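Only one structure is covered here, and it is reproduced in the block below.
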Amino acid sequence: MNRFPHFVDVAVPLPIFQTFTYEVPDSIQLVRPGARLLVPLGKRSIAAIALRLHREPPAQKFRQVEKVLDSESVISEPLLELAQWISSYYFSPLGEAIRIMLPPGLLQKKNADRAPAWPVKQRWMILEVLNGGGGLTARQAHVMDVLSAEKLPVELTEFVRKTDCSAAVVKKLAHEGRIVLQKVSVYRSPWGDAAPRLEKHILNDEQQKIFETLKHRLQRGGFYSVLLHGVTGSGKTEIYLNAIAFARSLGKSALMMVPEIGLTPQVARQFRSWFGEEVAILHSALSDGERFDEWRRIREGEAQVVVGTRSAVFAPLAKLGIIIVDEEHDSSYKQEEMPRYHGRDTALKRASIEGALVLLGSATPQLETFFQAVESRRFDYMPLPFRILERPLPTVHIVDMRVEFERKGKAAVLCDLLKENIADRLTRREQVLVLMNRRGYSSVLLCRSCGNTEACANCSINLTYHQESSRLSCHYCGYARSVPQRCRSCGKEYIYFLGEGTEQIQKILMSAFPNAITDRLDRDSVQRRGSYDRILGSFSSGKTDILIGTQMIAKGHDFPRVTLVGVLAAEQMLRLADFRAAEKTFQLVTQVAGRAGRGEQPGEVIIQTHFPNHYSLRYACAQDYRRFYDQEVRYRRDFRYPPFTALANLLVHSTHREKAAQLASRIGDVLKQKIQEHSHERRMRLLGPSPAAIERIKREFRFQMLIKTTSRRELHEVLDQTFRVLQQEGTSLKNILVDVDPITVL
Ligand code: ADP
Ligand code: ZN
């Protein structure tokens with residue numbers, strides 16, 4: 001009996017940090033690392049992933065593997081290594097990191113006792129007609145006749161639909177061995193009828209120069225990373241497409257990542273027309289079946305170009321040549337649930353594991369990325385400072401709404417300059433975008449008599465009034481209720497609506513310009529499947545004159561007929577107590593301004609604000625990234641924020657305030673002690689515990705601790721040791737969230 005090896009380490013998809021070891025019984029022939037196994041855990045069975053096979057019996061009592069679920073691995077070696085990195089870098093259980101890499105259902109928490117099947121979709125196909133000979137009923141003979149004229153194979157339901165034959169008769173014929181009818185697996189396609197639209201340009205000199213370097217690097221192979229810093233409309237997408245085509249010509253696969261709502265039908269069509277059937281798309285709006293089939297097409301090597309959002313970074317591509325992260329600064333790359341990984345940083349890690357090229361593209365790079373490219377030289381830096389065809393960047397005006405108020409003696413939502421310009425564009429049949437980064441009708445309901453505001457029952461947040469649904473709703477937990485006629489606190493009727501949102505702005509624009517066609521793009525208006533495409537479609541075809549929206553309108557779109565962009569309440573985000581407030585404001589305003597003047601007519605931007613002198617607005621107005629960066633980086637250095645430190649945010653949450661407070665204070669004590677043991681106050685600082693800026697969300701009270709450190713290694717040791725102590729004390733980890741490199745600390 002010298003079977004080798006005898007034991008297997010597995011990861012389970014549960015919030016548990018440790019891995020488990022099982023014995024492989026003699027009845028099991030083969031276990032591959034990366035394959036799913038059914039193993040007993042406590043009183044139940046659970047699907048787990050095999051990690052490592054070995055001959056070292058574990059110290060504790062061990063049990064046996066029940067069943068092998070896959071004869072081949074479902075997760076490749078490099079992806080397993082990536083999962084290990086995510087687990088340790090983001091302080092997240094390995095099983096959870098593996099689970100999110102797989103399509104939904106393959107490794108699940110619920111019903112794990114049932115071996116998850118591969119959710120392949122199958123259809124009955126008539127493959128062949130064998131022999132008609134003798135003894136046919138009239139109806140059978142008829143079907144044989146029709147079939148002999150048919151082009152085979154044909155799908156059964158399709159055949160029945162277009163002829164007068166019945167499925168029962170066809171099945172009977174198959175049963176009698178006269179025809180071949182078989183279940184064949186098919187792919188569900190998320191493409192719909194996206195018609196290819198070919199649009200290739202000859203690269204200009206600047207684009208060509210960058211492309212040559214990328215070609216050279218792709219040919220040479222190996223890990224290489226570069227920041228492509230190109231102003232809006234400088235032709236970055238054209239470089240991406242050419243680089244991918246070149247990687248394909250070398251037989252390598254390619255991955256392009258886009259922000260959550262950056263994957264427009266326009267982008268999908270562009271990829272389809274360049275790469276045809278080789279393209280797979282992966283995004284959150286796919287059904288589970290579609291997602292599984294795209295994943296399978298990639299795994300089988302049928303799709304070698306993947307376009308997708310954050311989780312596409314785990315696409316099972318082999319021979320990976322290039323990863324492009326478009327709009328690398330976009331916050332949708334950060335996953336806000338466990339494991340809280342960042343798509344861009346994970347892409348960089350994956351490329352370094354697989355020896356691929358990473359191209360980060362943005363007009364407004366995240367400050368840390370620019371720092372790493374220009375100051376610490378971790379990335380190569382490639383600027384594209386001009387727009388295509390020497391089109392000018394838009395002219396930007398800042399309107400001080402305090403002056404506007406003084407001049408008019410009353411508050412106006414739209415300033416005169418913006419109104420005049422909208423009227424002018426409408427007569428010229430050009431298009432207008434209006435950004436208002438707050439949805440709903442109004443954001444506060446205030447009683448003028450007693451000062452009460454309508455707050456959510458579950459969160460420490462004011463409810464937003466939505467006129468369309470005539471309800472008050474919470475943007476954090478979804479809680480909704482009807483609009484009160486009288487103040488719920490004092491009973492009087494002096495309820496007052498404050499703070500305009502997109503719904504109200506649309507109404508104001510409709511009454512100011514009754515002949516214009518307006519539309520709205522925000523999270524509410526895209527609720528229904530397909531409405532996002534419809535709204536963008538009407539706008540890009542010119543049906544809509546004015547499109548009002550939240551930050552959703554700022555992203556990546558290329559609408560050549562937009563010549564005016566209005567930005568309302570531009571300072572809104574600056575009020576947030578977040579160290580990225582200025583950066584986010586600069587990015588949003590620069591990006592939305594960049595939607596103007598991309599076609600033949602030059603663009604104009606009008607920014608309304610009460611803080612006209614804030615540097616983020618002034619530099620966005622000048623479209624001057626470098627000067628914004630220079631000022632912002634000083635603030636980050638002075639206050640010890642990234643890139644000068646690494647941050648980790650620990651959030652404790654519980655429905656009982658006391659419990660959350662006690663747990664936070666206990667964790668705080670352990671952290672302080674571990675920092676003393678493993679680091680030094682000069683290298684690591686703990687802020688808090690203190691109530692989070694938003695103290696309560698979804699009925700849970702929140703306390704936070706922020707760690708700032710110059711040593712990631714020490715951060716890891718401290719967290720590791722802290723969690724060890726907590727686990728020994730029997731503290732459940734399910735009330736604690738760790739966020740490494742948080743995008744926001746609210
Ligand atoms: P970015 O991604 O940098 O914002 P795009 O790649 O969308 O810019 O390019 C802006 C516009 O210029 C698009 O309409 C694109 O089709 C066009 N374009 C890109 N490269 C060229 C080129 N070399 N010649 C002519 N037009 C181009
Ligand atoms: Zn709420």
Side-chain angles (χ1 to χ4, degrees), residues 197-211 227-245 256-259 262-264 266-267 269-271 273-274 307 324-330 359-365 382-394 440 443 453-464 466 471-481 540 554-562 587 590-601 603 623 625 653 655 694-702 746:
R197 196 189 56 176
L198 205 65
E199 221 186 292
K200 291 185 187 178
H201 299 285
I202 297 176
L203 297 182
N204 64 26
D205 290 351
E206 289 77 26
Q207 288 170 316
Q208 188 65 34
K209 216 178 99 211
I210 290 172
F211 180 46
L227 169 61
L228 176 59
H229 184 189
V231 297
T232 54
S234 57
K236 296 185 288 296
T237 313
E238 213 70 18
I239 296 179
Y240 302 156
L241 291 163
N242 277 282
I244 294 172
M256 161 121 160
M257 294 168 65
V258 293
L263 191 50
T264 59
Q266 202 181 353
V267 171
R269 269 198 296 273
Q270 211 170 14
F271 270 78
S273 65
W274 275 67
V307 193
I324 292 160
V325 185
D326 188 28
E327 312 285 0
E328 64 80 35
H329 64 278
D330 196 282
L359 180 56
L360 308 176
S362 178
T364 52
M382 298 184 183
L384 270 181
F386 305 108
R387 279 189 161 178
I388 285 293
L389 303 173
E390 294 169 9
R391 282 174 190 148
L393 282 167
S443 51
T453 56
E454 285 288 323
C456 177
N458 311 320
C459 313
S460 48
I461 286 288
N462 278 327
L463 293 172
T464 298
H466 290 256
R471 287 180 90 70
L472 298 177
S473 78
C474 171
H475 289 180
Y476 280 80
C477 73
Y479 169 86
R481 71 164 121 87
S540 84
K555 313 237 161 147
H557 312 297
D558 192 27
F559 303 121
R561 270 175 293 197
V562 172
Q587 287 167 344
T590 310
Q591 291 284 347
V592 76
R595 301 308 116 208
R598 295 168 72 92
E600 268 144 37
Q601 303 303 318
Q623 309 259 304
Y625 180 87
H653 54 97
T655 46
I694 302 172
E695 228 186 304
R696 191 164 169 246
I697 294 182
K698 298 186 186 174
R699 294 184 169 272
E700 295 199 297
F701 292 90
R702 309 159 79 236
L746 287 180

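Whatever order the structure lists them in is the order used to number ligands and atoms, beginning at 1. Only a predicted model underlies this, so the values are computations on that prediction, with no experimental measurement involved. Keep in mind that the numbers below use all heavy atoms, side chains included, and drop hydrogens, waters and symmetry copies.
In this view, Thr464 and His466, His475 satisfy the side-chain contact (heavy atoms from CB on, under 4.5 Å) rule, not counting sequence neighbours. Residues passing the side-chain contact (heavy atoms from CB on, under 4.5 Å) test with Gln207, sequence neighbours excluded: Leu203, Asn204, Glu238, Ile239, Ile388. In this structure, the side-chain contact (heavy atoms from CB on, under 4.5 Å) partners of Ser540, at least two apart in sequence or on a different chain, are Phe559.
The shortest N or O to N or O distance between Thr232 and ligand 1 is not below 3.5 Å. Checking only distances, Arg391 never comes within under 3.5 Å of ligand 1, N or O to N or O. For ligand 1, the polar-atom distance check against Ile202 finds a nitrogen or oxygen pair separated by under 3.5 Å.
The main-chain N or O of Leu463 is never found under 3.5 Å from a side-chain atom of Tyr479 such that the two would form a donor-acceptor pair. Distance alone, capped at 3.5 Å, is enough to place a donor-acceptor pair between the Ser460 side chain and the Glu695 backbone. A distance-only check finds a donor-acceptor pair linking the side chain of Arg391 to the backbone of Gly599 [under 3.5 Å]. Between the side chain of Lys236 and the backbone N or O of Gly230 there is at least one donor-acceptor pair closer than 3.5 Å.
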Handout entry: Criterion side chain to side chain contact (heavy atoms under 4.5 Å, CB included) on Thr232 and Leu393, from CA distance to verdict
Key = CA-CA 8 Å; Thr232 54; Leu393 282 167; 4.1 Å; yes
Exercise for the section: Apply side chain to side chain contact (heavy atoms under 4.5 Å, CB included) to the pair Trp274 and Ile244, showing each step before the final yes or no. Expected result: CA-CA 10 Å; Trp274 275 67; Ile244 294 172; over 6 Å; no
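Of the heavy atoms in Arg387, none comes closer than 4.0 Å to ligand 1. Both the backbone and the side chain of Lys236 come within 4.0 Å of ligand 1, judged by heavy-atom distances. The side chain of Ile388, and not its backbone, has at least one atom closer than 4.0 Å to an atom of ligand 1 (non-hydrogen atoms only; side chain from C-beta on).
The closest approach between a heavy atom of Gly233 and any atom of ligand 1 is below 4.0 Å.
Around the Zn ion (ligand 2), protein atoms of type N, O or S found under 2.8 Å number 4.
Near Asn204, meaning under 4.0 Å from any of its heavy atoms, are these atoms of ligand 1: 23 (N).
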